[in-house]
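A quick write-up on the structure given underneath.
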There are 2 protein chains.
Amino acid sequence: MPTVSSEELAAAAGVNSAKLRKDFSYLGSYGTRGVGYDVEYLVYQISRELGLTQDWPVVIVGIGNLGAALANYGGFASRGFRVAALIDADPAMAGKPVAGIPVQHSDELEKIIEDNGVSIGVIATPAGAAQPVCDRLVAAGVTSILNFAPTVLSVPDGVDVRKVDLSIELQILAFHEQRKAGEEAAAESAAVLRAPKESEKGPDGDVPAVMPA
Amino acid sequence: MPTVSSEELAAAAGVNSAKLRKDFSYLGSYGTRGVGYDVEYLVYQISRELGLTQDWPVVIVGIGNLGAALANYGGFASRGFRVAALIDADPAMAGKPVAGIPVQHSDELEKIIEDNGVSIGVIATPAGAAQPVCDRLVAAGVTSILNFAPTVLSVPDGVDVRKVDLSIELQILAFHEQRKAGEEAAAESAAVLRAPKESEKGPDGDVPAVMPA
DNA sequence: TATTGTGAAGACTTTCACAGCT
DNA sequence: AGCTGTGAAAGTCTTCACAATA
């Protein structure tokens, strides 16, 4: 398939074709009127814009089940991420290979970051260890952190943090499930909240900004 | 702290206080003018609205590193989720306890779903197994699926699927990282894309709807 | 003819700002 | 005096609809 139309791409992605064309237009005019988009060229342009053509060394700190799952995750390599090191505080883990990469002790953290020019760190430690690990990563030069620990991290200005809370997605499902189950109950207690329209079901749609911890 | 003002809550959540008050107003009038919101009452009302006061039995299918990490994840229980069963296709896993719960063989899948009245399933299998597992879950009565496998699942109408792609969050970080690194390069090739304002940095902000796989 | 690229319209969200209560 | 609840304004995002053009 050498070319693709905005209509086809939009159907595949589940979005409106005009939105897709408008989004693409912000990157440049990469289509051909009457024909569509050259697939290879488009993939290259979008990849470049998103930074997928670069090689991003990352470190994963905290090699429990989740850290191991991340180390083994195939999706990273194909998107330009290279696991530069696995780091754990447990001396018993040191030297043990996980996903073919030997785990290093956290004493080495600063040296690893500097030697590899790492700017992105992944924290998969228990909650209590997350902030100290974060501080050390930042001090060593990391400027983007992906946090899987159930803690809110504080970082200086200029450092990006994204938090992944594995239970939030479940909570969103449960929220919709509750709706499915009791339309009468919903009418009784919360008639104001509309049922979500398809267009609103974004990755994070329909969920209030604030919820109890 | 018996009461809290919208201003305080908004500061803690990093949102505008008017937005927070407006959001709350869709649930009802749970505040007191001149005083604020009664914390306990507010937590209860929001919890109820989000379905946190219910007990949601879930099954996790695919007990590799990720499945084990999910089974061990503390955040579930506190939000009303109960891991009703762990299911794996490997007969060698059967009976082995993970997070204190014995793994069951996938032959039992349908029976487990029915016996426990499970409506939410978590798929943490390899990509190839995800769609068949999904089909069996749906046939057995599951109507919400959280998918960690790198596959797009097809499901009948009325079934909700949410996909968690562990590499997307990293990609978002890399995208911003790229911006930080080369402001001149960005100006040269994509002046149209603005730097994100703080208010735009939502959980999924700043990322085009479509990207190459 | 088929499809892009995009102004303009429409829909939705966020914020302002203040009347209304406690 | 202090803070909520909310109309109205401002801002942002999405979709329409069509001129431009390969």
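Just so it is clear, the values below take in all heavy atoms, side chains as well, and ignore hydrogens, waters and symmetry mates. Here the structure is a predicted model, which means the values were calculated and not measured. To find a chain, count down the sequence lines: A is the first, B the second, and so on, and within it residues start at 1.
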Item checked: Donor-acceptor pair under 3.5 Å, A/Arg33 side chain vs C/dT4 base -> yes
Notebook entry, point to check: Given C/dT14, D/dT6, C/dG5, which nucleotide is nearest the side-chain atoms of A/Ser29?
Noted result: C/dG5
Next item on the list: Rounded to the nearest angstrom, tell me the gap between atom CZ in A/Arg21 and atom P in D/dA19.
Entry: 15 Å
Checklist line | Pair A/Glu177, B/Thr143: side-chain N/O donor-acceptor within cut-off below 3.5 Å | finding: yes
Note to self: Can you tell whether the side chains of A/Glu7 and A/Lys19 come within less than 4.0 Å, N to carboxylate O?
What the structure shows: no
Next item on the list: Can you tell me the distance, in whole Å, between the CG atom of A/Leu9 and the C1' atom of C/dT3?
Entry: 13 Å
Next item on the list: Whole angstrom is fine here: how far is it from CD in B/Glu7 over to P in C/dC16?
Entry: 11 Å
Notebook entry, point to check: Taking for each residue the nucleotide of DNA chain D bearing the nearest heavy atom, is the 5' side occupied by B/Gly31 or by A/Val35?
Noted result: B/Gly31
Check: Under 6.0 Å between the ring centres of B/Tyr37 and B/Phe24?
Finding: yes
Note to self: Distance check needed: D/dA22 P versus A/Asp38 CG, whole Å only.
What the structure shows: 16 Å
Next item on the list: Measure the distance from CG on B/Asp23 to C1' on D/dT4 and round it to the nearest whole Å.
Entry: 14 Å
Check: Expressed in angstrom and rounded to an integer, what is the separation of A/Asn16 atom CG from C/dT6 atom P?
Finding: 17 Å
Notebook entry, point to check: Do A/Tyr44 and A/Tyr41 make the cut of ring centroids closer than 6.0 angstrom?
Noted result: no
Notebook entry, point to check: Would you say a side-chain N or O of B/Tyr26 is under 4.0 Å from OP1 or OP2 of C/dT14?
Noted result: no
Note to self: Taking the minimum atom-to-atom distance to the side chain of A/Lys19, which one of D/dT14, C/dT15, D/dA17 wins?
What the structure shows: D/dT14
Checklist line | Worked verdict on B/Asn65 versus A/Tyr73 for side chain to side chain donor-acceptor pair (under 3.5 Å) | finding: CA-CA 10 Å; B/Asn65 279 312; A/Tyr73 184 63; over 6 Å; no
Check: Mapping A/Lys22 and A/Gly36 onto DNA chain C by nearest heavy atom, which one lands closer to the 5' end?
Finding: A/Gly36
Next item on the list: Quickly work out the B/Tyr37 OH to C/dC21 C1' distance and round it to whole Å.
Entry: 13 Å
Next item on the list: Nearest whole angstrom, please: distance from the P of D/dG5 to the CG of B/Leu27.
Entry: 11 Å
